[in-house]
Amino acid sequence: MSVLRPLDKLPGLNTATILLVGTEDAPLQQLADSMLKEDCTAELKVHLARSLPLPCSVNRPRIDLIVFVVNLHSKHSLQSVEESLCHLDAAFFLGKVVFLATGAGRDGHCSIHRNTVVKLAHTYRSPLLFCDLEIEDFRAAMAQRLVRLLQICAGHVPGVSALNLLSLLRGSENPSLEDL
Amino acid sequence: MDSYDAPELTPRQDASSRLKDFFIGATPLQKRLESVRKQTSFIPTPPRRKIPQGSQLQEDVDPQKFTVLLHKQWTLYSLTPLYKFSYTNFKEYSKLLTAFIAAEKKKGLAVEVGDDFDIKVIFSTLMGVKGTQRDPEAFLVQILSKSQLPSEHKEGKVLWTGWFCCVFGDSLLETVSEDFTCLPLFLANGAETNTAIIGTWFQKTFDCYFRPLAISSFNLSWMAAMWTACKMDHYMATTEFLWSVPCSPHSLDISYAIHPEDTKALWDNVHKTPGEVTQEEVDLFMDCLYSHFHRHFKIHLSATRLVRVSTSVASAHTDGKIKILCPKYLIGVLAYLTELAAFQIE
(Lines give C-alpha, C1' and ligand atoms only; values in the text may rest on other atoms or scores of the structure.)
Protein backbone atom coordinates (compact mmCIF):
# COMPACT_ATOMS: atom_id res chain seq x y z
CA MET A 1 0.00 0.00 0.00
CA SER A 2 1.61 3.23 -1.03
CA VAL A 3 0.82 5.33 1.99
CA LEU A 4 2.67 8.59 2.19
CA ARG A 5 4.68 8.92 5.37
CA PRO A 6 6.23 12.14 6.61
CA LEU A 7 9.49 10.81 7.99
CA ASP A 8 10.39 7.81 5.86
CA LYS A 9 13.10 9.68 3.93
CA LEU A 10 16.01 11.80 5.00
CA PRO A 11 15.60 15.52 4.45
CA GLY A 12 17.49 17.08 1.60
CA LEU A 13 20.14 19.67 2.39
CA ASN A 14 18.58 23.12 2.33
CA THR A 15 15.52 21.98 0.39
CA ALA A 16 11.83 22.23 1.17
CA THR A 17 9.26 20.28 -0.79
CA ILE A 18 5.57 21.00 -1.01
CA LEU A 19 2.92 18.84 -2.62
CA LEU A 20 -0.19 20.49 -4.04
CA VAL A 21 -3.12 18.13 -4.55
CA GLY A 22 -6.20 19.20 -6.48
CA THR A 23 -8.35 18.10 -9.41
CA GLU A 24 -7.84 21.16 -11.57
CA ASP A 25 -4.45 21.67 -13.18
CA ALA A 26 -4.51 25.35 -14.03
CA PRO A 27 -4.95 26.87 -10.54
CA LEU A 28 -2.34 24.50 -9.11
CA GLN A 29 0.12 25.41 -11.83
CA GLN A 30 -0.44 29.11 -11.27
CA LEU A 31 -0.06 28.75 -7.52
CA ALA A 32 3.15 26.77 -8.03
CA ASP A 33 4.52 29.50 -10.29
CA SER A 34 3.67 32.18 -7.73
CA MET A 35 5.38 30.20 -5.00
CA LEU A 36 8.53 29.74 -7.00
CA LYS A 37 8.73 33.48 -7.53
CA GLU A 38 8.87 34.06 -3.79
CA ASP A 39 12.11 34.79 -1.95
CA CYS A 40 13.26 31.76 -0.06
CA THR A 41 16.67 30.98 1.34
CA ALA A 42 16.17 27.27 0.79
CA GLU A 43 15.61 25.53 -2.49
CA LEU A 44 11.89 25.18 -3.11
CA LYS A 45 10.46 22.14 -4.81
CA VAL A 46 6.81 22.11 -5.77
CA HIS A 47 5.12 18.86 -6.71
CA LEU A 48 1.65 18.74 -8.23
CA ALA A 49 -0.77 15.84 -8.13
CA ARG A 50 -4.39 15.25 -9.05
CA SER A 51 -4.95 12.78 -6.27
CA LEU A 52 -3.21 10.36 -3.96
CA PRO A 53 -1.74 7.73 -3.98
CA LEU A 54 1.27 9.02 -5.84
CA PRO A 55 2.96 6.71 -8.32
CA CYS A 56 5.73 4.70 -6.65
CA SER A 57 8.04 4.72 -9.62
CA VAL A 58 9.07 8.35 -9.23
CA ASN A 59 12.04 9.12 -7.00
CA ARG A 60 10.89 12.09 -4.99
CA PRO A 61 12.32 13.90 -1.98
CA ARG A 62 10.71 13.94 1.44
CA ILE A 63 7.49 15.93 1.34
CA ASP A 64 7.31 18.59 4.04
CA LEU A 65 3.87 20.08 3.48
CA ILE A 66 0.78 18.90 1.61
CA VAL A 67 -1.85 21.37 0.49
CA PHE A 68 -5.23 19.96 -0.55
CA VAL A 69 -6.99 22.38 -2.86
CA VAL A 70 -10.79 22.14 -2.81
CA ASN A 71 -12.73 24.10 -5.38
CA LEU A 72 -16.03 25.17 -3.83
CA HIS A 73 -17.60 25.20 -7.30
CA SER A 74 -17.01 21.51 -7.83
CA LYS A 75 -18.19 18.65 -5.64
CA HIS A 76 -15.85 16.41 -7.59
CA SER A 77 -12.80 18.15 -6.14
CA LEU A 78 -14.11 17.62 -2.61
CA GLN A 79 -14.78 13.94 -3.24
CA SER A 80 -11.34 13.48 -4.78
CA VAL A 81 -9.67 15.14 -1.77
CA GLU A 82 -11.67 12.99 0.64
CA GLU A 83 -10.56 9.86 -1.17
CA SER A 84 -6.93 11.01 -1.24
CA LEU A 85 -6.89 11.61 2.50
CA CYS A 86 -7.08 7.88 3.09
CA HIS A 87 -3.65 7.42 1.55
CA LEU A 88 -1.85 9.57 4.07
CA ASP A 89 -0.14 8.34 7.18
CA ALA A 90 -1.72 9.76 10.33
CA ALA A 91 1.55 11.42 11.32
CA PHE A 92 1.12 13.84 8.46
CA PHE A 93 -1.80 15.48 10.21
CA LEU A 94 0.50 16.85 12.92
CA GLY A 95 0.85 20.15 11.14
CA LYS A 96 1.99 19.04 7.70
CA VAL A 97 -1.40 19.15 5.99
CA VAL A 98 -3.26 22.30 5.02
CA PHE A 99 -6.64 22.60 3.28
CA LEU A 100 -7.10 25.41 0.80
CA ALA A 101 -10.62 26.30 -0.35
CA THR A 102 -10.91 28.33 -3.52
CA GLY A 103 -13.85 29.89 -5.28
CA ALA A 104 -15.66 31.29 -2.25
CA GLY A 105 -15.83 34.71 -3.89
CA ARG A 106 -18.37 33.73 -6.52
CA ASP A 107 -21.19 32.58 -4.31
CA GLY A 108 -23.56 31.89 -7.20
CA HIS A 109 -21.26 29.20 -8.56
CA CYS A 110 -20.70 27.39 -5.29
CA SER A 111 -22.10 23.92 -5.03
CA ILE A 112 -20.40 23.06 -1.76
CA HIS A 113 -21.34 24.87 1.39
CA ARG A 114 -18.54 26.48 3.37
CA ASN A 115 -19.52 24.45 6.42
CA THR A 116 -18.66 21.23 4.63
CA VAL A 117 -15.02 22.22 4.13
CA VAL A 118 -14.85 23.69 7.62
CA LYS A 119 -16.06 20.37 9.03
CA LEU A 120 -13.57 18.47 6.87
CA ALA A 121 -10.66 20.56 8.12
CA HIS A 122 -11.91 20.22 11.66
CA THR A 123 -12.21 16.43 11.39
CA TYR A 124 -8.61 16.20 10.27
CA ARG A 125 -7.47 18.80 12.80
CA SER A 126 -5.75 20.78 10.08
CA PRO A 127 -5.85 24.47 9.22
CA LEU A 128 -8.19 25.70 6.51
CA LEU A 129 -7.26 28.63 4.32
CA PHE A 130 -9.56 30.45 1.94
CA CYS A 131 -8.20 32.02 -1.20
CA ASP A 132 -9.57 32.82 -4.62
CA LEU A 133 -6.79 31.36 -6.70
CA GLU A 134 -8.13 33.01 -9.82
CA ILE A 135 -7.28 36.49 -8.61
CA GLU A 136 -3.60 37.20 -8.99
CA ASP A 137 -3.10 39.37 -5.91
CA PHE A 138 -4.78 36.88 -3.60
CA ARG A 139 -2.81 34.09 -5.17
CA ALA A 140 0.47 35.91 -4.63
CA ALA A 141 -0.42 36.57 -1.00
CA MET A 142 -1.37 32.94 -0.48
CA ALA A 143 1.84 31.79 -2.17
CA GLN A 144 3.82 33.91 0.25
CA ARG A 145 1.92 32.43 3.18
CA LEU A 146 2.44 28.89 1.95
CA VAL A 147 6.17 29.46 1.51
CA ARG A 148 6.41 30.61 5.15
CA LEU A 149 4.40 27.58 6.27
CA LEU A 150 6.62 25.34 4.22
CA GLN A 151 9.78 26.74 5.74
CA ILE A 152 8.45 26.01 9.22
CA CYS A 153 7.32 22.50 8.28
CA ALA A 154 10.70 21.74 6.72
CA GLY A 155 12.35 22.78 9.97
CA HIS A 156 14.17 25.77 8.55
CA VAL A 157 12.88 28.19 11.15
CA PRO A 158 14.61 27.69 14.48
CA GLY A 159 12.35 27.41 17.49
CA VAL A 160 9.09 26.70 15.64
CA SER A 161 8.01 23.27 14.49
CA ALA A 162 5.04 22.19 12.44
CA LEU A 163 3.25 21.00 15.57
CA ASN A 164 3.84 24.34 17.33
CA LEU A 165 2.41 26.13 14.36
CA LEU A 166 -0.64 23.89 14.32
CA SER A 167 -1.51 24.68 17.92
CA LEU A 168 -0.89 28.37 17.29
CA LEU A 169 -3.21 28.38 14.29
CA ARG A 170 -5.86 26.40 16.10
CA GLY A 171 -5.83 28.75 19.06
CA SER A 172 -6.66 31.74 16.91
CA GLU A 173 -9.66 30.05 15.28
CA ASN A 174 -13.16 30.63 16.51
CA PRO A 175 -13.57 28.55 19.69
CA SER A 176 -17.11 27.61 18.72
CA LEU A 177 -15.72 25.44 15.94
CA GLU A 178 -14.73 22.94 18.62
CA ASP A 179 -18.39 22.18 19.12
CA LEU A 180 -19.08 21.17 15.53
CA MET B 1 -28.08 18.13 18.83
CA ASP B 2 -29.66 21.11 17.24
CA SER B 3 -27.00 22.52 14.97
CA TYR B 4 -28.67 25.89 14.95
CA ASP B 5 -27.62 26.41 18.54
CA ALA B 6 -24.11 25.07 18.11
CA PRO B 7 -22.44 28.37 17.30
CA GLU B 8 -23.96 29.94 20.37
CA LEU B 9 -22.70 27.52 22.99
CA THR B 10 -20.63 28.72 25.97
CA PRO B 11 -19.09 31.16 26.58
CA ARG B 12 -20.97 33.29 24.08
CA GLN B 13 -24.35 31.97 25.13
CA ASP B 14 -23.82 33.09 28.72
CA ALA B 15 -22.93 36.57 27.64
CA SER B 16 -25.78 36.89 25.20
CA SER B 17 -28.39 35.56 27.65
CA ARG B 18 -27.19 37.99 30.29
CA LEU B 19 -27.35 40.72 27.70
CA LYS B 20 -30.88 39.72 26.80
CA ASP B 21 -32.02 39.93 30.43
CA PHE B 22 -30.55 43.40 30.66
CA PHE B 23 -32.18 44.67 27.49
CA ILE B 24 -35.73 43.48 27.98
CA GLY B 25 -37.11 46.26 25.89
CA ALA B 26 -34.46 45.98 23.22
CA THR B 27 -34.97 48.24 20.27
CA PRO B 28 -35.11 46.67 16.83
CA LEU B 29 -31.64 47.99 16.10
CA GLN B 30 -30.24 46.15 19.11
CA LYS B 31 -32.06 43.00 18.11
CA ARG B 32 -30.58 43.40 14.63
CA LEU B 33 -27.07 43.77 16.01
CA GLU B 34 -27.59 40.73 18.19
CA SER B 35 -28.65 38.58 15.27
CA VAL B 36 -25.81 39.86 13.09
CA ARG B 37 -23.29 39.14 15.84
CA LYS B 38 -24.52 35.57 16.17
CA GLN B 39 -24.01 34.98 12.50
CA THR B 40 -20.45 36.21 12.24
CA SER B 41 -18.90 32.85 13.08
CA PHE B 42 -19.92 31.20 9.83
CA ILE B 43 -22.83 31.23 7.47
CA PRO B 44 -25.60 29.33 9.19
CA THR B 45 -27.33 26.79 7.06
CA PRO B 46 -30.10 24.79 8.62
CA PRO B 47 -29.06 21.21 8.03
CA ARG B 48 -32.69 20.28 7.77
CA ARG B 49 -35.63 21.94 6.11
CA LYS B 50 -39.31 21.08 6.12
CA ILE B 51 -40.74 19.44 3.04
CA PRO B 52 -43.42 21.79 1.68
CA GLN B 53 -46.83 20.63 2.76
CA GLY B 54 -49.71 20.94 0.37
CA SER B 55 -52.26 22.18 2.84
CA GLN B 56 -50.78 25.49 3.86
CA LEU B 57 -53.06 27.71 1.83
CA GLN B 58 -55.71 29.17 4.07
CA GLU B 59 -59.21 27.85 3.46
CA ASP B 60 -60.93 31.16 2.84
CA VAL B 61 -58.71 31.88 -0.10
CA ASP B 62 -59.86 31.34 -3.62
CA PRO B 63 -57.21 29.26 -5.39
CA GLN B 64 -58.36 30.71 -8.70
CA LYS B 65 -56.66 33.96 -7.82
CA PHE B 66 -53.31 32.26 -7.95
CA THR B 67 -53.55 31.50 -11.64
CA VAL B 68 -51.92 34.85 -12.27
CA LEU B 69 -48.89 33.61 -10.36
CA LEU B 70 -48.49 30.23 -11.99
CA HIS B 71 -46.95 29.21 -15.28
CA LYS B 72 -45.14 32.48 -15.75
CA GLN B 73 -41.42 33.03 -15.61
CA TRP B 74 -40.57 35.37 -12.75
CA THR B 75 -37.29 37.19 -12.22
CA LEU B 76 -36.33 37.30 -8.57
CA TYR B 77 -35.14 40.25 -6.55
CA SER B 78 -34.53 40.70 -2.87
CA LEU B 79 -35.99 43.81 -1.31
CA THR B 80 -35.11 45.58 1.91
CA PRO B 81 -38.03 46.56 4.18
CA LEU B 82 -40.34 49.30 2.90
CA TYR B 83 -40.64 52.42 5.00
CA LYS B 84 -44.13 53.78 5.75
CA PHE B 85 -45.90 51.54 3.27
CA SER B 86 -49.62 51.31 3.79
CA TYR B 87 -52.06 48.79 2.37
CA THR B 88 -54.88 51.36 2.40
CA ASN B 89 -53.23 53.83 0.05
CA PHE B 90 -53.31 51.63 -3.02
CA LYS B 91 -55.35 54.07 -5.09
CA GLU B 92 -52.93 56.87 -4.39
CA TYR B 93 -49.96 54.65 -5.17
CA SER B 94 -51.58 53.64 -8.45
CA LYS B 95 -52.00 57.26 -9.48
CA LEU B 96 -48.50 58.25 -8.51
CA LEU B 97 -46.94 55.26 -10.17
CA THR B 98 -48.91 55.77 -13.37
CA ALA B 99 -47.75 59.36 -13.54
CA PHE B 100 -44.18 58.33 -12.83
CA ILE B 101 -44.15 55.71 -15.55
CA ALA B 102 -45.66 58.09 -18.05
CA ALA B 103 -43.11 60.73 -17.09
CA GLU B 104 -40.23 58.31 -17.50
CA LYS B 105 -41.51 57.24 -20.87
CA LYS B 106 -41.84 60.81 -22.09
CA LYS B 107 -38.73 62.17 -20.49
CA GLY B 108 -38.44 65.93 -20.47
CA LEU B 109 -42.11 66.82 -20.81
CA ALA B 110 -44.12 67.91 -17.80
CA VAL B 111 -46.72 65.39 -16.71
CA GLU B 112 -49.56 66.01 -14.30
CA VAL B 113 -50.96 63.42 -11.94
CA GLY B 114 -54.45 62.45 -12.97
CA ASP B 115 -53.98 62.97 -16.68
CA ASP B 116 -55.31 60.45 -19.08
CA PHE B 117 -52.57 57.99 -19.89
CA ASP B 118 -52.51 55.01 -22.14
CA ILE B 119 -51.44 52.72 -19.35
CA LYS B 120 -52.97 51.96 -15.99
CA VAL B 121 -51.31 50.65 -12.86
CA ILE B 122 -53.26 48.50 -10.44
CA PHE B 123 -52.20 47.58 -6.93
CA SER B 124 -54.03 44.70 -5.33
CA THR B 125 -53.50 42.49 -2.30
CA LEU B 126 -52.87 38.82 -2.76
CA MET B 127 -54.75 37.20 0.06
CA GLY B 128 -53.33 34.00 1.43
CA VAL B 129 -49.81 34.21 0.06
CA LYS B 130 -48.16 34.10 3.43
CA GLY B 131 -46.79 31.50 5.77
CA THR B 132 -47.81 32.58 9.25
CA GLN B 133 -50.17 35.24 10.58
CA ARG B 134 -47.21 37.51 11.27
CA ASP B 135 -46.18 37.69 7.64
CA PRO B 136 -47.31 40.87 5.92
CA GLU B 137 -49.82 40.48 3.12
CA ALA B 138 -48.46 40.01 -0.34
CA PHE B 139 -49.52 42.51 -2.98
CA LEU B 140 -49.52 42.59 -6.72
CA VAL B 141 -48.73 45.42 -9.11
CA GLN B 142 -49.87 45.23 -12.69
CA ILE B 143 -49.41 47.57 -15.61
CA LEU B 144 -52.31 47.34 -18.01
CA SER B 145 -52.67 49.04 -21.31
CA LYS B 146 -55.84 51.05 -21.38
CA SER B 147 -58.09 50.57 -24.33
CA GLN B 148 -58.37 53.66 -26.49
CA LEU B 149 -62.16 53.81 -26.39
CA PRO B 150 -63.22 54.69 -22.85
CA SER B 151 -66.79 53.61 -23.45
CA GLU B 152 -65.79 49.98 -23.74
CA HIS B 153 -64.52 49.63 -20.15
CA LYS B 154 -62.57 46.63 -21.22
CA GLU B 155 -59.55 45.64 -19.18
CA GLY B 156 -56.49 46.15 -21.26
CA LYS B 157 -53.69 43.74 -21.89
CA VAL B 158 -51.35 43.09 -19.00
CA LEU B 159 -47.98 44.52 -19.91
CA TRP B 160 -46.08 43.87 -16.73
CA THR B 161 -46.74 42.06 -13.46
CA GLY B 162 -44.82 42.20 -10.24
CA TRP B 163 -45.58 40.96 -6.77
CA PHE B 164 -44.08 41.32 -3.35
CA CYS B 165 -44.39 38.67 -0.71
CA CYS B 166 -43.02 37.34 2.53
CA VAL B 167 -43.53 33.70 3.47
CA PHE B 168 -42.26 32.50 6.84
CA GLY B 169 -40.00 35.50 7.14
CA ASP B 170 -39.76 35.27 10.92
CA SER B 171 -36.04 35.82 11.15
CA LEU B 172 -36.34 39.14 9.34
CA LEU B 173 -39.62 40.24 10.94
CA GLU B 174 -38.13 40.08 14.43
CA THR B 175 -35.51 42.67 13.68
CA VAL B 176 -37.68 45.23 11.95
CA SER B 177 -39.50 48.10 13.67
CA GLU B 178 -43.17 49.03 13.17
CA ASP B 179 -42.76 51.65 10.47
CA PHE B 180 -41.29 49.12 8.11
CA THR B 181 -43.17 46.56 6.07
CA CYS B 182 -41.03 43.56 5.44
CA LEU B 183 -41.58 41.90 2.07
CA PRO B 184 -38.19 40.56 1.08
CA LEU B 185 -39.16 38.74 -2.08
CA PHE B 186 -40.04 40.54 -5.28
CA LEU B 187 -40.97 38.70 -8.46
CA ALA B 188 -41.32 40.45 -11.81
CA ASN B 189 -42.56 39.35 -15.19
CA GLY B 190 -42.42 41.63 -18.19
CA ALA B 191 -40.11 44.09 -19.89
CA GLU B 192 -36.88 44.95 -18.10
CA THR B 193 -37.45 48.67 -18.64
CA ASN B 194 -40.72 48.51 -16.75
CA THR B 195 -39.09 46.60 -13.92
CA ALA B 196 -36.38 49.24 -13.70
CA ILE B 197 -38.88 52.11 -13.67
CA ILE B 198 -41.06 50.52 -11.02
CA GLY B 199 -37.99 49.64 -8.99
CA THR B 200 -36.84 53.26 -9.09
CA TRP B 201 -40.25 54.50 -7.95
CA PHE B 202 -40.36 52.07 -5.03
CA GLN B 203 -36.83 52.94 -4.04
CA LYS B 204 -37.61 56.64 -4.05
CA THR B 205 -40.97 56.39 -2.31
CA PHE B 206 -40.26 53.80 0.35
CA ASP B 207 -36.49 54.06 0.83
CA CYS B 208 -35.80 50.45 0.03
CA TYR B 209 -33.29 48.69 -2.20
CA PHE B 210 -33.70 46.01 -4.83
CA ARG B 211 -31.03 43.48 -5.62
CA PRO B 212 -31.25 40.68 -8.14
CA LEU B 213 -31.43 37.36 -6.37
CA ALA B 214 -29.22 34.68 -7.86
CA ILE B 215 -29.68 31.07 -6.83
CA SER B 216 -26.43 29.17 -6.27
CA SER B 217 -25.91 25.59 -7.43
CA PHE B 218 -25.96 24.53 -3.81
CA ASN B 219 -29.45 25.95 -3.34
CA LEU B 220 -30.61 24.56 -6.68
CA SER B 221 -29.71 21.04 -5.58
CA TRP B 222 -31.68 21.63 -2.35
CA MET B 223 -34.65 22.79 -4.38
CA ALA B 224 -34.41 19.73 -6.62
CA ALA B 225 -34.48 17.45 -3.59
CA MET B 226 -37.30 19.30 -1.84
CA TRP B 227 -39.52 19.50 -4.89
CA THR B 228 -38.95 15.85 -5.73
CA ALA B 229 -39.98 15.06 -2.18
CA CYS B 230 -43.38 16.72 -2.67
CA LYS B 231 -46.22 14.26 -3.13
CA MET B 232 -47.93 14.79 -6.46
CA ASP B 233 -51.02 13.05 -7.77
CA HIS B 234 -49.91 13.28 -11.33
CA TYR B 235 -46.78 14.64 -12.87
CA MET B 236 -47.07 17.36 -15.43
CA ALA B 237 -43.48 17.61 -16.53
CA THR B 238 -40.34 15.53 -16.59
CA THR B 239 -37.66 16.28 -14.07
CA GLU B 240 -34.85 18.00 -15.87
CA PHE B 241 -31.42 19.23 -14.82
CA LEU B 242 -29.09 21.44 -16.77
CA TRP B 243 -25.37 21.70 -16.09
CA SER B 244 -22.92 24.14 -17.54
CA VAL B 245 -19.42 22.90 -18.18
CA PRO B 246 -16.83 25.64 -18.14
CA CYS B 247 -14.62 25.10 -21.13
CA SER B 248 -13.22 27.33 -23.80
CA PRO B 249 -14.25 28.76 -26.19
CA HIS B 250 -17.97 28.18 -25.58
CA SER B 251 -19.32 26.55 -22.47
CA LEU B 252 -20.97 23.21 -22.93
CA ASP B 253 -24.44 22.50 -21.57
CA ILE B 254 -25.45 19.07 -20.37
CA SER B 255 -29.12 18.35 -19.95
CA TYR B 256 -30.38 15.34 -18.03
CA ALA B 257 -34.06 14.47 -18.18
CA ILE B 258 -35.54 11.86 -15.87
CA HIS B 259 -39.03 10.48 -15.60
CA PRO B 260 -40.54 12.12 -12.51
CA GLU B 261 -41.69 8.85 -10.99
CA ASP B 262 -38.14 7.53 -11.17
CA THR B 263 -36.79 10.54 -9.32
CA LYS B 264 -39.51 10.13 -6.72
CA ALA B 265 -38.59 6.47 -6.31
CA LEU B 266 -34.92 7.43 -5.90
CA TRP B 267 -35.85 10.07 -3.36
CA ASP B 268 -37.97 7.63 -1.38
CA ASN B 269 -35.00 5.31 -1.14
CA VAL B 270 -32.74 8.08 0.06
CA HIS B 271 -35.14 9.76 2.43
CA LYS B 272 -35.00 8.67 6.06
CA THR B 273 -36.34 11.37 8.39
CA PRO B 274 -40.07 11.89 7.91
CA GLY B 275 -41.17 15.40 7.10
CA GLU B 276 -37.69 16.90 6.87
CA VAL B 277 -34.87 17.07 4.39
CA THR B 278 -31.27 16.93 5.60
CA GLN B 279 -28.04 17.95 3.90
CA GLU B 280 -26.88 14.32 3.75
CA GLU B 281 -30.05 13.26 1.92
CA VAL B 282 -29.66 16.04 -0.64
CA ASP B 283 -26.02 15.10 -1.19
CA LEU B 284 -26.85 11.43 -1.53
CA PHE B 285 -29.68 12.14 -3.96
CA MET B 286 -27.47 14.24 -6.20
CA ASP B 287 -24.57 11.78 -5.90
CA CYS B 288 -26.82 8.98 -7.15
CA LEU B 289 -27.67 11.02 -10.22
CA TYR B 290 -24.03 11.93 -10.78
CA SER B 291 -22.76 8.37 -10.46
CA HIS B 292 -25.46 7.06 -12.79
CA PHE B 293 -24.45 9.61 -15.38
CA HIS B 294 -20.76 8.84 -14.87
CA ARG B 295 -21.35 5.13 -15.34
CA HIS B 296 -22.91 5.74 -18.73
CA PHE B 297 -21.00 8.70 -20.07
CA LYS B 298 -17.79 8.83 -18.01
CA ILE B 299 -18.38 12.51 -17.28
CA HIS B 300 -18.06 13.83 -13.74
CA LEU B 301 -21.13 16.03 -13.40
CA SER B 302 -20.00 16.97 -9.93
CA ALA B 303 -17.19 18.98 -11.50
CA THR B 304 -19.67 21.09 -13.46
CA ARG B 305 -22.08 23.75 -12.34
CA LEU B 306 -25.78 23.06 -11.88
CA VAL B 307 -27.60 25.82 -13.69
CA ARG B 308 -31.23 24.83 -13.99
CA VAL B 309 -33.60 22.50 -12.19
CA SER B 310 -37.04 21.75 -13.51
CA THR B 311 -39.62 19.59 -11.78
CA SER B 312 -43.39 19.26 -11.82
CA VAL B 313 -43.60 21.59 -8.83
CA ALA B 314 -41.49 24.44 -10.15
CA SER B 315 -38.46 25.22 -12.22
CA ALA B 316 -35.58 27.46 -11.23
CA HIS B 317 -32.58 28.90 -13.04
CA THR B 318 -29.40 30.10 -11.39
CA ASP B 319 -29.83 33.64 -12.78
CA GLY B 320 -32.78 34.08 -10.45
CA LYS B 321 -35.64 32.98 -12.65
CA ILE B 322 -38.43 30.84 -11.37
CA LYS B 323 -41.59 29.34 -12.76
CA ILE B 324 -44.12 27.81 -10.38
CA LEU B 325 -46.29 25.10 -11.87
CA CYS B 326 -48.15 23.57 -8.96
CA PRO B 327 -50.52 25.71 -6.87
CA LYS B 328 -50.48 23.20 -4.04
CA TYR B 329 -46.85 23.85 -3.20
CA LEU B 330 -46.74 27.56 -3.98
CA ILE B 331 -46.23 28.47 -0.34
CA GLY B 332 -43.46 25.91 0.06
CA VAL B 333 -41.55 27.24 -2.94
CA LEU B 334 -42.00 30.83 -1.78
CA ALA B 335 -40.82 29.93 1.72
CA TYR B 336 -37.46 28.80 0.42
CA LEU B 337 -37.13 31.81 -1.86
CA THR B 338 -38.02 34.15 1.00
CA GLU B 339 -35.28 32.50 3.05
CA LEU B 340 -32.75 33.12 0.27
CA ALA B 341 -33.90 36.73 -0.14
CA ALA B 342 -33.77 37.36 3.60
CA PHE B 343 -30.29 35.90 3.73
CA GLN B 344 -29.17 38.15 0.90
CA ILE B 345 -30.56 41.23 2.64
CA GLU B 346 -28.74 40.40 5.82
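Labels below follow one simple rule: chain letters A, B, ... track the order of the sequence lines, proteins then strands, and each chain is numbered from 1.
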Could you tell me whether A:Arg60 atom CZ has more than 12 heavy atoms of other residues or ligands within 6.0 Å of it?
-> yes
Counting only heavy atoms closer than 4.5 Å, note whether B:Leu301 contacts chain A via side chain, backbone, both or neither.
-> neither
Is it true that atom CD of A:Glu136 has more than 12 heavy atoms of other residues, nucleotides or ligands lying nearer than 6.0 Å?
-> no
Are there residues of residues 31-48 of chain A that reach to under 4.5 Å of chain B by heavy atoms, and which ones?
-> none
Below 4.5 Å from any heavy atom of chain A, which atoms of B:Ala214 appear? Answer side chain, backbone, both or neither.
-> neither
With a 4.5 Å cut-off on heavy-atom pairs, point out which of B:Gly320, B:Ala303, B:Ser216, B:Ser302 contacts chain A the most.
-> B:Ser302
Under 4.5 Å from any heavy atom of chain B - which part of A:Glu24 = neither
With side chains defined as the heavy atoms from C-beta onward, is the minimum distance between B:His300 and A:Gln79 less than 4.5 Å?
-> no
OG on B:Ser221 to CD1 on A:Ile112, rounded to 0.5 Å = 10.5 Å
A:Arg62 CZ: over 12 foreign heavy atoms closer than 6.0 Å | yes
Contact origin within B:Thr304 toward chain A - heavy atom pairs under 4.5 Å = backbone
Is it true that the side chains of B:Gln279 and A:Asn115 contain a donor and an acceptor less than 3.5 Å apart?
-> no
Heavy-atom proximity to chain B below 4.5 Å, by part of A:His109 | both
Looking at CG of B:Asp287 and NZ of A:Lys75, how far apart are the two atoms once the value is rounded to the nearest 0.5 Å?
-> 6.0 Å
Within a radius of less than 6.0 Å around OH of B:Tyr256, do more than 12 heavy atoms belonging to other residues, nucleotides or ligands occur?
-> yes
